[in-house]
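Each remark here refers to the structure printed beneath this line.
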Amino acid sequence: MNDDKIAALEALVADQGKRLRELEDVREINDCFRKFHWACCGGFNGRQAGGMDALDQLAEDATFEVRGLHEPGKGPKGRQQFTEYWDYYYGDAGPLPYVFQVSVSEWVEVTGDTAKGWSVQIGLVQFREMKPSFGLSLRINDYVRTDKGWKIKKTK
């Protein structure tokens, strides 16, 4: 095999490795958000809504902004504020005991150790003493690669 063919083969192998890494990253990022949603769900099926393990999908300094509830940059930030926020809404005395949420139409763009993900969130929630409500929202997440895998850096 001549040098040109070896160089072409090496370039092909390098490109395939890069493409495989991106596919693995996108899968891990999508799994991260699915695990977040799964932990949030509950109440309707007897399991407590708002499982604290949802917070395991967040970076330590993550920020959370719910459109219509938080002004940009004003939502909970970091593990301590997230825990306080979560404790208020969920649990035996929280105002939001029934939650079903899932994202569809997801896509992710990876840039090195950061990524951005877009999706449509479908949610069915029921606050205490109220009727269930159905909602759709557009979600945009920023992700970061950590030593524990991909985590949500910002969700809005």
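Computed over heavy atoms, backbone and side chain alike; hydrogens, waters and symmetry mates excluded. Throughout, numbering of the chain's residues begins at 1 and tracks the sequence.
- Under the 4.5 Å side-chain heavy-atom criterion for grouping Ile, Leu, Val, Met, Phe, Trp and Tyr, I122 is connected to L138 within one hydrophobic cluster.
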Which donor-acceptor pairs under 3.5 Å do side chains of residues 2-12 form with protein atoms, sequence neighbours excluded?
| unit_1 | atom_1 | unit_2 | atom_2 | d |
| --- | --- | --- | --- | --- |
| N2 | OD1 | D4 | N | 3.1 |
| N2 | OD1 | K5 | N | 2.8 |

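- With sequence neighbours left out, the ring pair (Phe, Tyr, Trp, His ring centres under 6.0 Å) criterion links Y98 to F44.
- Here SG of C41 is found 12.5 Å from CD of Q48. Values are rounded to the nearest 0.5 Å.
- Cluster annotation: F100 and V104 are assigned to the same hydrophobic cluster (Ile/Leu/Val/Met/Phe/Trp/Tyr, side-chain heavy-atom contacts under 4.5 Å, transitive).
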Verdict with reasoning, L58 to F82, per side chain to side chain contact (heavy atoms under 4.5 Å, CB included): CA-CA 9 Å; L58 305 175; F82 267 107; 3.5 Å; yes
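- Ionic pairing of R34 and E106 is present here: one or more N-O contacts between side-chain nitrogen and carboxylate oxygen are shorter than 4.0 angstrom.
- To the nearest 0.5 Å, the span separating CZ on R27 from CD on E22 amounts to 15.5 Å.
- The two atoms that bring A115 and V110 nearest to each other are CB-CA, 4.0 Å, heavy atoms only.
- Other residues, nucleotides and ligands contribute only 12 or fewer heavy atoms inside 6.0 Å of the CD atom of E71.
- How far CH2 of W38 is from CZ of R47: 5.5 Å, rounded to the nearest 0.5 Å.
- Although no hydrogens or angles enter the test, the distance criterion places no donor-acceptor pair under 3.5 Å between the side chain of R128 and the main chain of P97.
- Under the 6.0 Å cut-off for aromatic ring centres, Y85 and H70 qualify, their centroids lying closer than that.
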Side chain to side chain contact (heavy atoms under 4.5 Å, CB included) for D142 and T114? Distances and angles first, verdict last. CA-CA 7 Å; D142 294 329; T114 62; over 6 Å; no
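- Under the 4.5 Å side-chain heavy-atom criterion for ILVMFWY residues, no single connected hydrophobic cluster contains both W118 and L23.
- In terms of hydrophobic clustering, with Ile, Leu, Val, Met, Phe, Trp and Tyr side chains grouped at heavy-atom distances under 4.5 Å, W107 and V26 are assigned to different clusters.
- Taking each heavy atom of Y88 and P95 in turn, the nearest pair found is O-CD, 3.0 Å.
- Ring planes of F36 and F33: parallel class, angle under 30° (limits at 30 and 60°).
- Closest approach of Q81 to G75, counting heavy atoms only: OE1-O, 4.1 Å.
- To the nearest 0.5 Å, atom CZ of residue F127 and atom OG of residue S133 are 7.0 Å apart.
- Considering all non-hydrogen atoms of both residues, S105 and V120 come closest at CB-CG2, 4.3 Å.
- In terms of modelled atom types and a separation under 3.5 Å, the side chain of Q126 and the main chain of M130 share a donor-acceptor contact.
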Compile the donor-acceptor pairs under 3.5 Å between side chains in residues 145-156 and protein atoms, sequence neighbours left out, one pair per line.
| unit_1 | atom_1 | unit_2 | atom_2 | d |
| --- | --- | --- | --- | --- |
| R145 | NE | D113 | OD1 | 2.6 |
| R145 | NH1 | D25 | OD1 | 3.0 |
| R145 | NH2 | D25 | OD2 | 3.0 |
| R145 | NH2 | G112 | O | 3.0 |
| T146 | OG1 | K148 | N | 3.0 |
| T146 | OG1 | G149 | N | 3.3 |
| T146 | OG1 | G149 | O | 2.6 |
| W150 | NE1 | D25 | OD1 | 3.3 |
| K151 | NZ | D56 | O | 2.8 |
| K153 | NZ | D61 | OD1 | 2.9 |
| K153 | NZ | D61 | OD2 | 2.5 |
| T155 | OG1 | R139 | NH2 | 2.5 |
| T155 | OG1 | N141 | OD1 | 2.5 |

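- Note that CG of D87 is 5.0 Å distant from CE of M52, once rounded to the nearest 0.5 Å.
- Considering every non-hydrogen atom in both L96 and A49, the closest pair reads O-CB, 4.1 Å.
- Residue R19 places its CZ atom among 12 or fewer non-hydrogen atoms of other residues, nucleotides or ligands, all under 6.0 Å distant.
- Distance alone, capped at 3.5 Å, is enough to place a donor-acceptor pair between the R79 side chain and the L55 backbone.
- Put simply, the side chain of W86 reaches to within 4.5 Å of the side chain of C40, judged on heavy atoms.
- Note that CZ of R21 is 12.0 Å distant from NZ of K18, once rounded to the nearest 0.5 Å.
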Starting from the C-alpha separation in whole Å, work towards a yes-or-no answer on side chain to side chain contact (heavy atoms under 4.5 Å, CB included) for D53 and K35. CA-CA 9 Å; D53 50 333; K35 288 174 186 176; over 6 Å; no
